[in-house]
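The structure under discussion appears below in the form of C-alpha coordinates.
In this text the structure is predicted, and so the values were computed from the model without any measurement. When a ligand or atom number is given, it counts from 1 through the structure's own listing order.
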Amino acid sequence: MYDLIVIGGGAAGMSAGIYAARGNLKTVIYEKTNFGGELAQIIHIANYPGYDGRGDELALKMRQQAEAAGVEFDYGECREVRVSGKVFDLTIDERTVRARSVLIATGNEPRRLEYELDVPVSYCSLCDAPLVKGKNIAVIGGGDSAVQEAIELSHIAKQVTIISRSKLRASPKLQSRALELPNLQIRENNETTKEELEDFEHVFVFIGHLPATKFLPEDVLAADGTVMTGAGVKELSSSLDMLGLDDFARRSDHETLIPGLFAAGDVRFGAVRQVVAAAADGAAAALEIMHYLDATG
Ligand code: NAP
(Lines give C-alpha, C1' and ligand atoms only; values in the text may rest on other atoms or scores of the structure.)
Protein backbone atom coordinates (compact mmCIF):
# COMPACT_ATOMS: atom_id res chain seq x y z
CA MET A 1 0.00 0.00 0.00
CA TYR A 2 1.46 3.34 -1.07
CA ASP A 3 0.59 6.64 0.56
CA LEU A 4 0.65 8.23 -2.89
CA ILE A 5 0.65 6.96 -6.44
CA VAL A 6 1.56 9.60 -9.03
CA ILE A 7 0.45 8.85 -12.59
CA GLY A 8 2.78 10.66 -14.98
CA GLY A 9 6.48 11.43 -14.68
CA GLY A 10 6.63 14.94 -16.11
CA ALA A 11 7.51 18.18 -14.31
CA ALA A 12 4.31 18.14 -12.20
CA GLY A 13 4.61 14.49 -11.21
CA MET A 14 8.30 14.62 -10.34
CA SER A 15 7.97 17.83 -8.38
CA ALA A 16 5.06 16.32 -6.42
CA GLY A 17 7.16 13.20 -5.83
CA ILE A 18 10.05 15.23 -4.40
CA TYR A 19 7.73 17.03 -1.97
CA ALA A 20 5.80 13.89 -1.00
CA ALA A 21 8.88 11.73 -0.38
CA ARG A 22 10.52 14.51 1.64
CA GLY A 23 7.28 14.58 3.64
CA ASN A 24 7.79 10.84 4.36
CA LEU A 25 5.01 9.60 2.08
CA LYS A 26 5.68 6.21 0.49
CA THR A 27 5.45 7.35 -3.12
CA VAL A 28 5.68 5.73 -6.54
CA ILE A 29 5.56 7.46 -9.94
CA TYR A 30 4.28 5.49 -12.94
CA GLU A 31 5.15 6.59 -16.46
CA LYS A 32 3.76 5.12 -19.67
CA THR A 33 6.67 5.83 -22.02
CA ASN A 34 9.51 8.11 -20.99
CA PHE A 35 10.15 9.98 -17.77
CA GLY A 36 10.07 13.74 -18.26
CA GLY A 37 6.89 13.81 -20.32
CA GLU A 38 6.64 16.77 -22.69
CA LEU A 39 9.51 18.45 -20.82
CA ALA A 40 11.90 15.79 -22.09
CA GLN A 41 10.99 16.67 -25.68
CA ILE A 42 11.74 20.38 -25.57
CA ILE A 43 14.99 21.26 -27.34
CA HIS A 44 15.68 24.42 -25.39
CA ILE A 45 14.15 25.76 -22.19
CA ALA A 46 14.97 29.40 -21.59
CA ASN A 47 12.17 30.44 -19.22
CA TYR A 48 12.61 28.10 -16.24
CA PRO A 49 14.24 30.17 -13.47
CA GLY A 50 17.82 29.10 -12.86
CA TYR A 51 17.95 26.79 -15.88
CA ASP A 52 18.77 27.40 -19.53
CA GLY A 53 19.28 24.22 -21.54
CA ARG A 54 17.79 21.03 -22.97
CA GLY A 55 14.47 19.71 -21.66
CA ASP A 56 15.64 16.11 -21.32
CA GLU A 57 18.59 17.20 -19.16
CA LEU A 58 16.28 19.11 -16.81
CA ALA A 59 13.96 16.07 -16.68
CA LEU A 60 16.89 13.82 -15.74
CA LYS A 61 17.94 16.18 -12.94
CA MET A 62 14.35 16.15 -11.61
CA ARG A 63 14.27 12.35 -11.69
CA GLN A 64 17.62 12.05 -9.91
CA GLN A 65 16.45 14.49 -7.23
CA ALA A 66 13.19 12.57 -6.75
CA GLU A 67 15.04 9.24 -6.52
CA ALA A 68 17.44 10.69 -3.96
CA ALA A 69 14.41 11.82 -1.93
CA GLY A 70 13.10 8.23 -1.91
CA VAL A 71 10.55 8.16 -4.75
CA GLU A 72 10.12 4.81 -6.54
CA PHE A 73 9.84 4.92 -10.34
CA ASP A 74 8.17 2.33 -12.52
CA TYR A 75 6.88 1.98 -16.08
CA GLY A 76 3.28 1.13 -16.83
CA GLU A 77 0.11 2.56 -18.30
CA CYS A 78 -2.73 3.35 -15.91
CA ARG A 79 -5.91 1.84 -17.38
CA GLU A 80 -8.38 2.33 -14.55
CA VAL A 81 -8.78 4.08 -11.20
CA ARG A 82 -11.22 2.54 -8.72
CA VAL A 83 -11.95 3.80 -5.25
CA SER A 84 -13.43 1.92 -2.34
CA GLY A 85 -13.77 3.92 0.88
CA LYS A 86 -10.40 5.58 1.38
CA VAL A 87 -8.42 3.13 -0.73
CA PHE A 88 -7.58 3.41 -4.43
CA ASP A 89 -6.96 0.39 -6.66
CA LEU A 90 -5.22 1.27 -9.91
CA THR A 91 -4.88 -1.03 -12.88
CA ILE A 92 -1.37 -0.47 -14.23
CA ASP A 93 -1.01 -2.59 -17.37
CA GLU A 94 -2.13 -5.99 -16.00
CA ARG A 95 -1.27 -5.29 -12.34
CA THR A 96 -3.30 -3.81 -9.48
CA VAL A 97 -1.56 -1.28 -7.26
CA ARG A 98 -3.07 0.14 -4.08
CA ALA A 99 -2.71 3.57 -2.46
CA ARG A 100 -4.32 5.97 0.01
CA SER A 101 -4.15 8.86 -2.47
CA VAL A 102 -3.58 9.38 -6.20
CA LEU A 103 -2.20 12.30 -8.17
CA ILE A 104 -3.05 12.55 -11.86
CA ALA A 105 -0.13 14.29 -13.60
CA THR A 106 -0.45 12.78 -17.07
CA GLY A 107 -0.23 16.06 -18.99
CA ASN A 108 -1.13 16.06 -22.66
CA GLU A 109 -0.58 14.04 -25.78
CA PRO A 110 0.19 15.79 -29.07
CA ARG A 111 -2.79 16.25 -31.39
CA ARG A 112 -2.07 14.20 -34.50
CA LEU A 113 -2.63 14.85 -38.19
CA GLU A 114 -5.83 13.23 -39.42
CA TYR A 115 -4.15 11.82 -42.54
CA GLU A 116 -1.04 9.83 -43.41
CA LEU A 117 1.85 11.32 -45.41
CA ASP A 118 4.34 9.58 -47.64
CA VAL A 119 7.19 11.58 -46.06
CA PRO A 120 8.43 11.16 -42.46
CA VAL A 121 6.25 12.90 -39.85
CA SER A 122 7.50 13.85 -36.36
CA TYR A 123 5.84 15.19 -33.23
CA CYS A 124 9.08 15.68 -31.25
CA SER A 125 11.88 17.87 -32.55
CA LEU A 126 14.38 16.92 -29.85
CA CYS A 127 13.95 13.24 -30.81
CA ASP A 128 14.07 13.67 -34.58
CA ALA A 129 16.11 16.83 -35.27
CA PRO A 130 19.21 14.80 -36.23
CA LEU A 131 17.22 13.29 -39.13
CA VAL A 132 16.71 16.63 -40.89
CA LYS A 133 20.29 17.83 -41.30
CA GLY A 134 20.49 19.73 -44.60
CA LYS A 135 16.84 18.99 -45.52
CA ASN A 136 13.89 21.08 -46.67
CA ILE A 137 11.24 20.65 -43.97
CA ALA A 138 7.77 21.90 -43.02
CA VAL A 139 6.52 22.70 -39.52
CA ILE A 140 2.72 22.65 -39.21
CA GLY A 141 1.09 24.86 -36.57
CA GLY A 142 1.06 28.50 -35.55
CA GLY A 143 1.36 28.47 -31.75
CA ASP A 144 4.38 28.94 -29.49
CA SER A 145 5.39 25.29 -29.89
CA ALA A 146 5.46 25.38 -33.70
CA VAL A 147 7.40 28.63 -33.92
CA GLN A 148 9.84 27.81 -31.13
CA GLU A 149 10.59 24.34 -32.49
CA ALA A 150 10.88 25.73 -36.05
CA ILE A 151 13.51 28.20 -34.81
CA GLU A 152 15.49 25.37 -33.22
CA LEU A 153 15.13 23.18 -36.32
CA SER A 154 16.35 26.02 -38.56
CA HIS A 155 19.82 25.56 -37.02
CA ILE A 156 19.92 22.01 -38.43
CA ALA A 157 17.69 21.87 -41.52
CA LYS A 158 18.54 23.64 -44.79
CA GLN A 159 15.13 25.31 -45.12
CA VAL A 160 12.17 25.46 -42.71
CA THR A 161 8.64 26.50 -43.70
CA ILE A 162 6.09 27.14 -40.96
CA ILE A 163 2.59 26.43 -42.25
CA SER A 164 -0.24 27.80 -40.15
CA ARG A 165 -3.88 27.33 -41.15
CA SER A 166 -4.71 30.75 -39.63
CA LYS A 167 -2.82 33.79 -38.32
CA LEU A 168 0.15 32.87 -36.11
CA ARG A 169 -0.77 32.94 -32.45
CA ALA A 170 2.80 32.52 -31.13
CA SER A 171 4.15 35.32 -28.92
CA PRO A 172 5.37 38.44 -30.79
CA LYS A 173 8.90 37.85 -29.48
CA LEU A 174 9.05 34.34 -30.96
CA GLN A 175 7.58 35.60 -34.24
CA SER A 176 10.24 38.36 -34.48
CA ARG A 177 13.01 35.84 -33.86
CA ALA A 178 11.61 33.58 -36.57
CA LEU A 179 11.36 36.45 -39.07
CA GLU A 180 15.07 37.23 -38.61
CA LEU A 181 16.17 33.77 -39.77
CA PRO A 182 17.21 33.66 -43.44
CA ASN A 183 16.28 29.97 -43.91
CA LEU A 184 12.85 30.18 -42.26
CA GLN A 185 9.66 31.08 -44.16
CA ILE A 186 6.19 31.57 -42.76
CA ARG A 187 2.95 30.75 -44.59
CA GLU A 188 0.00 32.11 -42.63
CA ASN A 189 -3.71 31.48 -43.35
CA ASN A 190 -2.60 28.52 -45.40
CA GLU A 191 -4.64 25.35 -45.84
CA THR A 192 -1.81 23.28 -47.34
CA THR A 193 -2.87 20.07 -49.02
CA LYS A 194 -1.47 16.61 -48.36
CA GLU A 195 0.19 16.66 -51.81
CA GLU A 196 1.90 20.01 -51.09
CA LEU A 197 3.21 18.67 -47.77
CA GLU A 198 4.72 15.69 -49.56
CA ASP A 199 6.98 18.10 -51.47
CA PHE A 200 8.90 18.55 -48.21
CA GLU A 201 11.49 15.99 -47.06
CA HIS A 202 10.20 15.83 -43.47
CA VAL A 203 7.13 17.27 -41.71
CA PHE A 204 6.98 18.27 -38.04
CA VAL A 205 3.54 18.71 -36.46
CA PHE A 206 2.84 21.01 -33.50
CA ILE A 207 -0.92 21.59 -33.60
CA GLY A 208 -1.79 21.58 -29.92
CA HIS A 209 -2.49 18.85 -27.42
CA LEU A 210 -5.22 16.70 -25.95
CA PRO A 211 -5.32 15.83 -22.24
CA ALA A 212 -4.27 12.27 -21.40
CA THR A 213 -7.30 11.37 -19.30
CA LYS A 214 -9.11 8.53 -21.09
CA PHE A 215 -8.65 6.19 -18.12
CA LEU A 216 -10.46 8.46 -15.64
CA PRO A 217 -14.12 8.45 -14.61
CA GLU A 218 -16.07 11.00 -16.69
CA ASP A 219 -17.45 12.83 -13.68
CA VAL A 220 -14.00 14.25 -12.79
CA LEU A 221 -13.45 15.65 -16.31
CA ALA A 222 -14.31 19.06 -17.74
CA ALA A 223 -15.85 19.36 -21.21
CA ASP A 224 -12.38 19.75 -22.78
CA GLY A 225 -11.18 16.49 -21.21
CA THR A 226 -8.95 18.10 -18.55
CA VAL A 227 -9.42 17.19 -14.89
CA MET A 228 -11.68 19.46 -12.88
CA THR A 229 -10.34 20.29 -9.45
CA GLY A 230 -11.42 22.68 -6.72
CA ALA A 231 -10.26 25.90 -8.35
CA GLY A 232 -11.60 24.99 -11.79
CA VAL A 233 -14.92 24.01 -10.36
CA LYS A 234 -15.16 27.28 -8.45
CA GLU A 235 -14.52 29.21 -11.67
CA LEU A 236 -17.39 27.38 -13.30
CA SER A 237 -19.61 27.76 -10.28
CA SER A 238 -21.85 30.52 -11.58
CA SER A 239 -23.04 28.38 -14.45
CA LEU A 240 -22.98 25.08 -12.57
CA ASP A 241 -25.08 25.67 -9.49
CA MET A 242 -26.11 22.06 -9.29
CA LEU A 243 -22.59 21.03 -8.29
CA GLY A 244 -23.18 22.16 -4.72
CA LEU A 245 -20.85 25.06 -4.01
CA ASP A 246 -20.57 24.67 -0.27
CA ASP A 247 -19.09 21.27 -0.73
CA PHE A 248 -16.50 22.52 -3.22
CA ALA A 249 -15.53 25.51 -1.13
CA ARG A 250 -14.19 23.06 1.45
CA ARG A 251 -12.08 21.22 -1.09
CA SER A 252 -8.46 21.97 -1.86
CA ASP A 253 -7.47 23.51 -5.19
CA HIS A 254 -6.05 20.27 -6.57
CA GLU A 255 -8.59 17.74 -5.34
CA THR A 256 -11.21 16.33 -7.72
CA LEU A 257 -14.79 15.44 -6.90
CA ILE A 258 -13.41 12.17 -5.49
CA PRO A 259 -11.73 12.69 -2.10
CA GLY A 260 -8.10 11.56 -2.25
CA LEU A 261 -7.90 11.88 -6.05
CA PHE A 262 -5.84 14.94 -7.02
CA ALA A 263 -4.55 16.44 -10.27
CA ALA A 264 -1.63 18.74 -11.13
CA GLY A 265 0.12 20.23 -14.13
CA ASP A 266 -1.08 20.52 -17.71
CA VAL A 267 -3.79 17.89 -17.24
CA ARG A 268 -5.63 20.13 -14.78
CA PHE A 269 -8.45 22.38 -15.99
CA GLY A 270 -7.19 25.92 -16.62
CA ALA A 271 -3.45 25.07 -16.61
CA VAL A 272 -1.17 27.74 -18.13
CA ARG A 273 0.98 25.07 -19.79
CA GLN A 274 4.46 26.17 -18.76
CA VAL A 275 7.11 23.87 -17.25
CA VAL A 276 7.64 26.14 -14.25
CA ALA A 277 3.89 26.26 -13.60
CA ALA A 278 3.59 22.47 -13.81
CA ALA A 279 6.44 22.04 -11.30
CA ALA A 280 4.83 24.55 -8.93
CA ASP A 281 1.45 22.87 -9.34
CA GLY A 282 2.92 19.47 -8.44
CA ALA A 283 4.46 20.91 -5.28
CA ALA A 284 1.19 22.56 -4.21
CA ALA A 285 -0.75 19.34 -4.86
CA ALA A 286 1.73 17.28 -2.79
CA LEU A 287 1.30 19.66 0.16
CA GLU A 288 -2.48 19.32 -0.11
CA ILE A 289 -2.17 15.53 -0.29
CA MET A 290 -0.08 15.49 2.91
CA HIS A 291 -2.79 17.53 4.56
CA TYR A 292 -5.50 15.17 3.25
CA LEU A 293 -3.65 12.07 4.50
CA ASP A 294 -3.08 13.63 7.92
CA ALA A 295 -6.76 14.55 8.16
CA THR A 296 -8.08 11.17 7.02
CA GLY A 297 -5.65 9.08 9.09
P1 NAP B 1 -1.63 26.09 -29.37
O2 NAP B 1 -1.24 27.39 -28.80
O3 NAP B 1 -2.95 25.49 -29.00
O4 NAP B 1 -1.56 26.24 -30.97
C5 NAP B 1 -2.00 25.21 -31.80
C6 NAP B 1 -1.76 25.61 -33.23
O7 NAP B 1 -2.09 24.50 -34.07
C8 NAP B 1 -2.61 26.78 -33.70
O9 NAP B 1 -1.88 27.53 -34.63
C10 NAP B 1 -3.79 26.06 -34.37
O11 NAP B 1 -4.41 26.83 -35.37
C12 NAP B 1 -3.08 24.90 -35.00
N13 NAP B 1 -3.97 23.75 -35.21
C14 NAP B 1 -4.81 23.15 -34.33
N15 NAP B 1 -5.42 22.08 -34.88
C16 NAP B 1 -4.94 22.02 -36.17
C17 NAP B 1 -5.17 21.13 -37.24
N18 NAP B 1 -6.01 20.10 -37.11
N19 NAP B 1 -4.52 21.36 -38.40
C20 NAP B 1 -3.65 22.39 -38.53
N21 NAP B 1 -3.38 23.26 -37.54
C22 NAP B 1 -4.02 23.08 -36.38
O23 NAP B 1 -0.57 24.93 -29.04
P24 NAP B 1 0.98 25.03 -28.64
O25 NAP B 1 1.74 25.84 -29.59
O26 NAP B 1 1.41 23.62 -28.44
O27 NAP B 1 0.99 25.78 -27.25
C28 NAP B 1 0.22 25.25 -26.15
C29 NAP B 1 0.47 26.09 -24.90
O30 NAP B 1 1.84 25.91 -24.48
C31 NAP B 1 0.28 27.58 -25.13
O32 NAP B 1 -0.31 28.12 -23.98
C33 NAP B 1 1.68 28.09 -25.30
O34 NAP B 1 1.81 29.44 -24.92
C35 NAP B 1 2.47 27.16 -24.38
N36 NAP B 1 3.89 27.09 -24.85
C37 NAP B 1 4.74 28.02 -24.39
C38 NAP B 1 6.05 28.02 -24.82
C39 NAP B 1 6.99 29.05 -24.26
O40 NAP B 1 6.66 29.73 -23.31
N41 NAP B 1 8.16 29.24 -24.79
C42 NAP B 1 6.49 27.08 -25.75
C43 NAP B 1 5.59 26.15 -26.22
C44 NAP B 1 4.27 26.16 -25.78
P45 NAP B 1 -5.65 27.82 -35.04
O46 NAP B 1 -5.04 29.03 -34.40
O47 NAP B 1 -6.26 28.07 -36.36
O48 NAP B 1 -6.56 27.04 -34.10
Side-chain angles (χ1 to χ4, degrees), residues 10-12 36-56 58-59 105-117 119 121-129 137-155 160-179 181 184-198 200 203-213 222-226 232 264-281:
E38 273 188 84
L39 163 64
Q41 301 189 351
I42 301 172
I43 286 189
H44 183 204
I45 295 184
N47 52 6
Y48 191 93
Y51 184 83
D52 189 339
R54 287 167 59 115
D56 57 349
L58 179 58
T106 42
N108 292 289
E109 292 165 341
R111 181 180 282 125
R112 300 201 164 244
L113 281 185
E114 284 161 9
Y115 44 82
E116 305 266 308
L117 291 177
V119 292
V121 176
S122 297
Y123 293 84
C124 167
S125 49
L126 186 59
C127 323
D128 293 340
I137 67 166
V139 172
I140 306 179
D144 282 336
S145 300
V147 176
Q148 183 162 14
E149 301 305 307
I151 291 169
E152 300 297 339
L153 289 165
S154 75
H155 304 313
V160 179
T161 304
I162 296 177
I163 300 172
S164 175
R165 68 179 179 183
S166 48
K167 211 169 146 30
L168 288 191
R169 57 162 102 154
S171 72
K173 191 166 177 202
L174 274 176
Q175 292 194 37
S176 317
R177 279 179 54 207
L179 286 170
L181 294 165
L184 196 156
Q185 276 182 12
I186 298 173
R187 292 188 200 160
E188 280 182 284
N189 300 313
N190 194 299
E191 286 287 354
T192 306
T193 62
K194 182 174 170 325
E195 288 68 32
E196 284 168 324
L197 284 174
E198 284 172 347
F200 293 93
V203 174
F204 283 80
V205 181
F206 300 104
I207 57 173
H209 298 83
L210 299 170
T213 54
D224 64 358
T226 56
D266 287 0
V267 78
R268 196 160 78 88
F269 176 79
V272 295
R273 305 216 53 245
Q274 301 290 312
V275 180
V276 66
D281 213 36

Within reach of ligand 1, part of Leu174 (heavy-atom separation under 4.0 Å):
neither
What do we get for Lys167 next to ligand 1 when only non-hydrogen atoms under 4.0 Å count, side chain, backbone, both or neither?
neither
Part of Arg273 within contact of ligand 1 (heavy atoms, under 4.0 Å):
both
Closer than 4.0 Å to some heavy atom of Asn47 - which atoms of ligand 1 meet that?
39 (C), 40 (O), 41 (N)
Among all protein heavy atoms, pick out the one at the shortest distance from atom 13 (N) of ligand 1; state its residue, atom name and that distance to 0.1 Å.
Ile207 CB, 3.6 Å
On a heavy-atom basis, I'd like to know which of Ser145, Ala46, Gly143 is closest to atom 24 (P) of ligand 1.
Ser145
Which pair of heavy atoms, one from Arg273 and one from Asn108, lies closest together, and at what distance?
NE-ND2, 3.2 Å
Note: Val267 and Ala105 closest approach over all heavy atoms is CG1-CA, 4.3 Å
Residues which pass ring-ring contact (aromatic ring centres under 6.0 Å, His included) with Phe206, listed by chain and number, not counting sequence neighbours:
none
Counting heavy atoms only, which of Arg111, Arg169, Glu114 is nearest atom 2 (O) of ligand 1?
Arg169
Would you tell me which option among Ala271, Ala277, Ala170, Gly142 has the nearest heavy-atom contact to atom 6 (C) of ligand 1?
Gly142
Among all protein heavy atoms, pick out the one at the shortest distance from atom 23 (O) of ligand 1; state its residue, atom name and that distance to 0.1 Å.
Gly208 CA, 3.7 Å
To atom 41 (N) of ligand 1, the nearest of Glu38, Glu149, Lys173, Gln148 on a heavy-atom basis is Gln148
With heavy-atom distances below 4.0 Å as the criterion, list the atoms of ligand 1 near Ser166.
11 (O), 45 (P), 46 (O), 47 (O)
Any idea which heavy atoms bring Glu198 and Glu116 closest together, and the distance?
OE2-O, 4.4 Å
So the atoms of ligand 1 within less than 4.0 Å of a heavy atom of His209 turn out to be 26 (O)
Identity and separation of the nearest protein heavy atom to atom 37 (C) of ligand 1
Gln274 NE2, 3.3 Å
Of all heavy-atom pairs linking Asp56 and Arg54, the shortest is OD2-NH2, 2.7 Å
Among Leu197, Asn190, Thr192, Val121, which one satisfies side-chain contact (heavy atoms from CB on, under 4.5 Å) with Ile140?
Leu197
Among protein heavy atoms, which lies nearest atom 11 (O) of ligand 1, and at what distance?
Arg165 NE, 3.4 Å
Which heavy atom of the protein is the closest neighbour of atom 32 (O) of ligand 1, given with residue, atom name and distance?
Val272 O, 4.1 Å
Can you give each donor-acceptor pair under 3.5 Å made by side-chain atoms of residues 160-171, sequence neighbours left out, with the distance rounded to 0.1 Å?
| residue | atom | partner | partner atom | Å |
| --- | --- | --- | --- | --- |
| Ser164 | OG | Ser166 | O | 2.8 |
| Ser171 | OG | Leu174 | N | 3.3 |

Tell me the closest heavy-atom pair linking Ala212 and Thr106, and the distance in Å.
O-OG1, 2.8 Å
Closest approach of Glu152 and Arg177, non-hydrogen atoms and distance?
OE2-NH2, 4.5 Å
Got a salt bridge between Glu114 and Lys194, using NZ or NE/NH1/NH2 to carboxylate O under 4.0 Å?
no
Nearest protein heavy-atom contact for atom 33 (C) of ligand 1: which residue, which atom, what distance?
Asp144 OD2, 3.4 Å
